[in-house]
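A short write-up of the structure that comes next.
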Amino acid sequence: MDRLVSLARRYALEILIVILAVESAVEVTLRHHAQQPYPGWFAAAAIALVILPLLGRRRFPFAAPAALWLLAAAVSFAEGWLVVTPAGAFLAGMIASYLLGNLSDGRQARIGLVIVLCGAVIVVDNQPGHGSGEFIFIPVLFAVAWGAGLALRERAGHAEAAERRAIHAEYGREAAVREAAAQERARIARELHDTIAHAVSVMVLQVGAVRHKLPEAHEEHKNALREVEQTGRTALMDMRHLLDAMREDGGGAELAPQPGLDRLDGLLKEIGRAGLPVRLSIAGEQFPLPGGVDISAYRIVQEGLTNVLKHAQATEAEVVLDYAPDQLTIEVRDNGRGAGHGNGSGHGLVGIRERVRLYDGEMTTGTPAGGGFLLRARLSLTRHLL
């Protein structure tokens, strides 16, 4: 049943065309006059032949409706009343006019209007007992149908153009988000390089110190430590090469020490001097964080407050750090207008999301009960406190 309904909807116009052809054939047969030189079945076949070419409108969008008007004009020369008598023929003419106006090719649509007007004038001229006003009224009536098709075609064209622009804008937005995420990953990698390089350097120095203190009797152990030391130095060199390659694509080197939460007070004072007072609340017992987590926590607060300062039109903000044995939760809230900050480009929320993902965390944003905007990020410490 559903299949039949779907087919009926798809071919509704074709079904209507067949109905109009049958109705017109029956009507001219019933109105056939005995004194006419041709039989009634011939009149029925002729009027059906005028209407049925519309069935080819899908394959021949211009030729099919144009053929109806050309055939109608030709048949009117043989018998003037045959085309104008059936109501089905009139409706078929309106449909053909609409289809010609609805053509996507503007040149064909204009040619179709000429065919409609000329065909209508010829049919009226061949109609027995026509009035002079019909030469204006009838062609204008079909021209209105043509204009309706043209208007709907232009409206559909505008809708398609708007849809293409929306798709293009969506692709552009996604590309900007991907680019921002890639840039933030590179930035995170550069920041982690300093932390990792420092840790590896300490290990290499400690191994070297232990090796030098071993007596000569432990030559085998000294050789093993020498290999560990050399492996560490090679790893440091490879890390420097990797960082140099990333900086060629991502910009100049960042020579300043990477910040952590120990520099948070300075950040809050700087934001306050920019016009946004910030309160800091700490829950739980503070403890030293792993280097990468410490840097990311600072950057998340920095990005969150920067978004508030740029976009929220807030008069105050609050930063909450909640220390737990297995996670660090960061909240940045304000009393601004409450909408999502920024447009998704740059580092902003995209960068925060990348940092949270790096440490198996979660990030949520929204409007709290009291209004404003709330950014909450959770960084997992389970994998890093070993």
Side-chain angles (χ1 to χ4, degrees), residues 169-170 173-174 176-178 180-181 183-185 187-188 191 259-287 289-290 292-385:
E170 180 66 17
R173 189 190 69 82
E174 292 177 357
V177 170
R178 288 194 297 269
Q183 291 176 354
E184 189 65 14
R185 292 189 194 107
R187 186 186 183 195
I188 294 170
E191 293 174 350
L261 291 179
D262 57 339
R263 296 176 57 185
L264 192 56
D265 288 338
L267 173 64
L268 300 186
K269 291 179 181 178
E270 182 180 345
I271 296 294
R273 287 193 296 269
L276 179 66
V278 183
R279 298 193 311 272
L280 175 62
S281 302
I282 298 178
E285 183 178 352
Q286 286 185 269
F287 54 85
L289 298 172
V293 177
D294 196 26
I295 296 172
S296 290
Y298 176 90
R299 293 298 188 195
I300 288 171
V301 175
Q302 183 184 44
E303 295 289 0
L305 291 176
T306 300
N307 281 339
V308 174
L309 193 61
K310 288 182 177 179
H311 306 292
Q313 299 178 0
T315 58
E316 63 178 1
E318 181 182 9
V319 175
V320 178
L321 301 179
D322 186 358
Y323 286 82
D326 60 344
Q327 67 181 24
L328 173 67
T329 302
I330 304 168
E331 291 186 359
V332 179
R333 68 177 70 220
D334 62 71
N335 63 347
R337 58 187 181 183
H341 299 156
N343 57 6
S345 61
H347 292 296
L349 297 180
V350 176
I352 294 174
R353 187 173 290 108
E354 289 300 317
R355 291 181 183 275
V356 170
R357 185 181 302 163
L358 176 65
Y359 292 101
D360 300 330
E362 296 177 355
M363 168 186 159
T364 58
T365 60
T367 302
F373 184 76
L374 172 64
L375 164 67
R376 178 182 289 114
R378 180 186 62 80
L379 301 179
S380 175
L381 303 178
T382 306
R383 201 173 61 176
H384 305 279
L385 297 178

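Basis for what follows: all heavy atoms, side chains included, without hydrogens, waters or symmetry-related copies.
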## Note on the structure
Nearest heavy-atom contact between D265 and L280 is OD1-CD2, 3.9 Å
### Message
Just verifying a value: how many Å separate R378 CZ and D322 CG, rounded to the nearest 0.5 Å?
### Response
12.0 Å
#### Entry: Side chains of V320 and E318 in contact at under 4.5 Å (non-hydrogen atoms)
yes
### Query
Do NZ/NE/NH1/NH2 and the carboxylate oxygens of R273 and E270 come within less than 4.0 Å?
no
### Query
Between I295, L379, V332, which is the residue that forms a side-chain contact (heavy atoms from CB on, under 4.5 Å) with I300?
L379
### Message
Apply side-chain contact (heavy atoms from CB on, under 4.5 Å) to residues L374 and T367 and explain how you reach the verdict.
### Response
CA-CA 6 Å; L374 172 64; T367 302; over 6 Å; no
## Note on the structure
Closest non-hydrogen atoms of Y359 and S296, given as atom of the first, atom of the second and distance, are CE1-OG, 3.3 Å
#### Entry: E303 side, atom CD; L375 side, atom CG - distance, nearest 0.5 Å
10.5 Å
### Query
Can you check whether Q327 reaches T329 side chain to side chain, under 4.5 Å on heavy atoms?
yes
## Note on the structure
For A297 and L328, the nearest pair of non-hydrogen atoms, with its separation, is CB-CD2, 3.8 Å
### Query
Would you say D294's side chain and L261's backbone share a donor-acceptor pair under 3.5 angstrom?
yes
### Task
Take R299 and R355 through the test side-chain contact (heavy atoms from CB on, under 4.5 Å) and record every step on the way to the result.
CA-CA 9 Å; R299 293 298 188 195; R355 291 181 183 275; 3.4 Å; yes
#### Entry: Atom of T306, atom of Q302 and distance for their closest heavy-atom approach
OG1-O, 2.7 Å
### Query
Shortest non-hydrogen contact from L309 to A274?
CD2-CB, 3.7 Å
### CG on D334 to OG1 on T315, rounded to 0.5 Å
9.0 Å
### Message
Any donor-acceptor pair under 3.5 Å linking the side-chain atoms of S380 with those of D326?
### Response
no
### Task
Test L268 against L305 for side-chain contact (heavy atoms from CB on, under 4.5 Å), laying out the working first.
CA-CA 9 Å; L268 300 186; L305 291 176; 3.5 Å; yes
### Task
Kindly say whether E316 contributes a backbone atom to a donor-acceptor pair with the side chain of N335 at under 3.5 angstrom?
yes
### Query
Do R279 and V319 pass the side-chain contact (heavy atoms from CB on, under 4.5 Å) test, and can you show the C-alpha distance, the side-chain angles, and the key distance before you say yes or no?
CA-CA 6 Å; R279 298 193 311 272; V319 175; over 6 Å; no
### Task
Mind checking the OH-CG spacing from Y298 to L264? Nearest 0.5 Å is all I need.
7.5 Å
### Min side-chain heavy-atom separation T365-F373 under 4.5 Å
yes
### CZ-CE distance between R357 and M363, expressed to the nearest 0.5 angstrom
10.5 Å
### Task
Identify the two heavy atoms, one from Y323 and one from E285, that lie closest to each other, and give their separation to 0.1 Å.
CB-O, 3.5 Å
